[in-house]
Amino acid sequence: MTHVTEDDLDDLEFDTLRTGDHIAAARRLAELADAVSGGVSRANVLLRAGEQWQHAGEHDRAAQFYRRAVEDGGETYGDPRAYLADALFELGHVAEARALVSDIRADEPRDPEVYRAVSETLYAHGDVLGAHEWSTNGVDIVLVLRDRAAGRIPVRPGGEAVDPDDAALAEDSLEALLRLRYRARMDLGRPEDDYDAMLDDLLKNADT
C-alpha cells in the first residue's frame with residue numbers, strides 16, 4: 001500500500017503539464033488508486049486519473065474512471081458526476097449526461113466548484129442557457145458564503161457557522177464562474193449586469 005498526499009498528485013500533474021504525456025500520468029494514477037492507503041482518498045485519485053485520460057482524448061477510459069470514483073463514494077474535489085457528464089457528452093451519450101446533471105441539481109450542492117464544472121461542461125457542449133443558469137447559481141453561492149462568513153447574514157438556528165477557510169476557498173471559484181457567465185450572456189445577447197460589473201472589478205483589481 002502507498003501513502004499519497006495532495007502534493008504528490010499535484011507534482012505528478014505539474015510534470016505532466018511539462019511533458020504532455022497524459023496517458024503515462026493516467027496509468028500512474030490508476031496504479032496509485034489501487035494502492036493508496038491514507039493521505040488522499042481512492043476516489044480522488046480515480047477522479048484525477050479520469051481527467052488525465054480525458055486530456056489524452058480517451059473519453060471512454062475517462063468515463064470508466066469517473067464511474068469508479070462515483071461508485072467509490074470517497075471524498076473528492078467537486079463532484080465526479082460533473083466530470084462523468086462531460087465524458088459522456090463527448091461519447092455522444094447525451095441523455096445519460098443530462099440525467100447526471102439533473103441528479104446533481106436535485107442534490108442542491110453548496111460547493112461553487114461543482115457549479116463551475118457543470119457550467120463549463122454545458123457551455124462546451126452547446127447548452128449556453130444551462131451554462132448561464134449554473135454559473136449564476138454558483139456565483140450566488142459564493143456571495144452567500146462571503147456574507148455569512150462576514151456576519152452579514154445570520155446563521156439559521158441549528159445551522160453551522162461558515163468556516164472562513166471554506167469561504168475563502170469558494171472565492172477561488174468566483175472569477176471562473178463570472179467569466180463563464182459573461183461568455184454565456186454574450187452568446188445569448190443579454191446586456192451586462194451587476195455580476196458582469198463584478199467581473200470587471202475583479203480583473204481591474206488583479207491588474208493593480
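These numbers come from a predicted model, not from an experiment.
Using a 4.0 Å cut-off between charged nitrogen and carboxylate oxygen, Asp103 and Arg81 do not count as a salt-bridge pair. The pair Arg28-Asp15 does not count as a salt bridge, with every side-chain nitrogen at least 4.0 angstrom from each carboxylate oxygen. Using a 4.0 Å cut-off between charged nitrogen and carboxylate oxygen, Glu31 and Arg27 do not count as a salt-bridge pair. A salt bridge is defined here as a Lys NZ or Arg NE, NH1 or NH2 lying under 4.0 Å from an Asp or Glu carboxylate O, and Glu120 with Arg183 fails to meet this definition.
Among pairs with a residue in residues 51-61, none fulfils salt bridge (charged side-chain N to carboxylate O under 4.0 Å, His left out), at least two apart in sequence or across chains.
Between Leu12 and Arg48, every side-chain heavy-atom pair lies at or beyond the 4.5 Å cut-off. Between Arg185 and Leu188, every side-chain heavy-atom pair lies at or beyond the 4.5 Å cut-off. Looking only at side-chain heavy atoms (C-beta outward), Arg181 and Asp193 come within less than 4.5 Å of each other.
The number of heavy-atom neighbours closer than 6.0 Å to OH of Tyr182, taken from other residues, nucleotides and ligands shown, is 12 or below.
The minimum heavy-atom distance between Ala85 and Ala97, with the atom names listed, is O-CB, 3.5 Å. What you find for Ala69 and Ala43 is that their closest heavy atoms are CB-O, 3.6 Å. Taking both residues in full, the closest heavy atoms of Pro191 and Asp196 are given as O-OD2, 4.0 Å, listed atom of the first, atom of the second, then distance. Between Ser173 and Pro112, the shortest heavy-atom distance links the atoms CB-CB, 3.9 Å. Contact record, Ala56 with Ile23: CB-CG1, 3.7 Å, taken as the closest heavy-atom pair. Closest heavy-atom contact between Gln52 and Leu29: CG-CD1, 3.7 Å.
Using modelled atom types and a 3.5 Å distance limit, the side chains of His59 and Asp86 yield no donor-acceptor pair.
Interatomic distance, Ile104 CD1 to Thr121 OG1, rounded to the nearest 0.5 Å: 8.5 Å. Between Leu32 atom CG and Asn44 atom CG the span is 11.5 Å, to the nearest 0.5 Å. Phe14 CZ to Leu9 CG: the interatomic distance, rounded to the nearest 0.5 Å, is 15.0 Å. Atom CE of Met198 sits about 12.0 Å away from atom CG of Leu203, to the nearest 0.5 Å. Distance check: His22 NE2 to His55 NE2 gives 6.0 Å after rounding to the nearest 0.5 Å. Rounding to the nearest 0.5 angstrom, the gap separating the CD atom in Glu113 from the CG atom in Asp172 is 8.5 Å.
Judged by distance alone, with hydrogens and angles left aside, the side-chain atoms of Ser119 form a donor-acceptor pair with the main-chain N or O of Ala131 at under 3.5 Å. Remark: side-chain polar atoms of Asp107 are not paired, donor with acceptor, to backbone N or O of Pro109 under 3.5 angstrom. Listed for the Arg42 side chain is no donor-acceptor partner under 3.5 Å among the backbone atoms of Asp34. A side-chain donor-acceptor contact under 3.5 Å links Asp8 to the backbone of Thr5.
Transitive grouping of hydrophobic side chains (ILVMFWY, heavy atoms separated by less than 4.5 Å) keeps Trp134 and Leu84 in distinct clusters. In this structure, Val70 is not a member of the same hydrophobic cluster as Leu88, with clusters built from ILVMFWY side-chain heavy atoms closer than 4.5 Å. The hydrophobic cluster containing Leu46 does not contain Val40, counting ILVMFWY residues as joined when their side-chain heavy atoms lie under 4.5 angstrom apart, directly or transitively. Side-chain heavy atoms closer than 4.5 Å link hydrophobic residues (I, L, V, M, F, W, Y) into clusters, and following such links, possibly through other members, connects Leu202 to Tyr195. Val139 and Leu122 fall within the same hydrophobic cluster, defined by Ile, Leu, Val, Met, Phe, Trp and Tyr side-chain heavy atoms under 4.5 Å apart, directly or through other members.
Just one of Val94, Asp127, Leu100 meets the side-chain contact (heavy atoms from CB on, under 4.5 Å) condition when paired with Phe89; it is Val94.
Judged by the 6.0 Å distance and 45° axis criteria, Arg68 is positioned over the aromatic ring of Phe65.
Ring geometry for Tyr83 versus Tyr66: interplanar angle of 30 to 60°, hence tilted.
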